[in-house]
Asks: 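What follows is a structure written as structure tokens; I'll ask about it next.
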Amino acid sequence: MRPMIHAQRNCEDQEKIDLFLTKTRSGLLGLADGLQPYVVPLNYVWWNKCIYFHGLSSGRKISVIQQNNLACFTVFEEYGTVTAPVPAKTDTAYMSVMLFGNVEKVDQSDDSTEVLQQFLNKYVPGFYDRPLSKVHVEKYRSSLDHQAVSVYRLRPHTITAKGNPIDSQNMFYPGRSVSDN
């Protein structure tokens, strides 16, 4: 990996990284489709130190993964603009995490059921009155094309994180001007 240019923004606080990956709702899966980059926005869960996503077991994303399973998954959140009296010092408050690793299909239905339960816990907490059953997962078919849903895992070998925290006294809001400082 190349060194981070703004090293002062580097985040190595694993608890903060885990919390960020757990709560943030979407990320970008970056793949190499031959010489062409291919980036797909996805819902995901961070569980057991891996990124999980689900989808059909065919399509461009899956074809690309089958050819080259090396991937980058990026999760970021922008919190707003940090103002400064000097325009060149205006900045953005944010947090981002990049995970590099290999994508693999999760084959065991028990594992898939556990992962899909994690999706329900994250995206619709408390909505269902009982846990997801293995039988339901095995029988479920997409309403769009009647294919089974597959679960995929990115096992990261490298994780980088950086951020610029919110500066509550200097955050921009509509109507704020340099004369307000």
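Atom set for the values below is all heavy atoms of this structure, side chains included, hydrogens, waters and symmetry mates excluded. Along the sequence shown, residues are numbered consecutively beginning with 1.
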Asks: Between the main-chain N or O of Met171 and the side-chain N or O of Thr83, is there a donor-acceptor pair closer than 3.5 Å?
Replies: no
Asks: Could you pull out all residues at least two apart from Lys16 that satisfy salt bridge (charged side-chain N to carboxylate O under 4.0 Å, His left out)?
Replies: none
Asks: List, one per line, each side-chain donor-acceptor pair under 3.5 Å for residues 45-52, sequence neighbours excluded.
Replies:
from	atom 1	to	atom 2	distance (Å)
Trp46	NE1	Asp18	OD1	3.1
Lys49	NZ	Asp18	OD1	3.3
Lys49	NZ	Asp18	OD2	2.6
Tyr52	OH	Arg153	NH1	3.3

Asks: Determine whether more than 12 heavy atoms belonging to other residues, nucleotides or ligands lie under 6.0 Å from atom OH of Tyr128.
Replies: no
Asks: Is there any ring pair (Phe, Tyr, Trp, His ring centres under 6.0 Å) pair reaching into residues 64-90, and which pairs are they, with sequence neighbours excluded?
Replies: Tyr44-Phe73
Asks: Answer with yes or no after comparing the ring centroid distance for His54 and Tyr152 against a 6.0 Å cut-off, counting only values under it.
Replies: no
Asks: Name all pairs fulfilling the salt bridge (Lys or Arg N to Asp or Glu O under 4.0 Å) condition that reach into residues 64-76, sequence neighbours left out, sorted by first residue then second.
Replies: none
Asks: Could you name each residue pair satisfying side-chain hydrogen bond (donor to acceptor under 3.5 Å, both in side chains) that touches residues 63-75, not counting sequence neighbours?
Replies: Asn69-Asn102
Asks: Please identify each residue that fulfils side chain to side chain donor-acceptor pair (under 3.5 Å) with Gln117, with sequence neighbours left out.
Replies: Asn121
Asks: For Phe20, what residues pass the ring-ring contact (aromatic ring centres under 6.0 Å, His included) criterion, not counting sequence neighbours?
Replies: none
Asks: Taking Tyr94 for the side chain and Pro165 for the main chain, is one N or O donor matched with an acceptor at less than 3.5 Å?
Replies: no
Asks: Which pairs pass side-chain hydrogen bond (donor to acceptor under 3.5 Å, both in side chains) with one or both residues in residues 28-41, sequence neighbours excluded?
Replies: Asp33-Arg60
Asks: Going by side-chain contact (heavy atoms from CB on, under 4.5 Å), name the residues that satisfy it together with Ser26, two or more places apart in sequence or in a different chain.
Replies: Asn43
Asks: For Tyr173, which fellow cluster members are found when Ile, Leu, Val, Met, Phe, Trp and Tyr are connected by side-chain heavy-atom distances below 4.5 angstrom, either directly or through intermediates?
Replies: none
Asks: I'd like to check the side chain to side chain donor-acceptor pair (under 3.5 Å) partners of Glu15; sequence neighbours left out, ordered by chain and number.
Replies: none
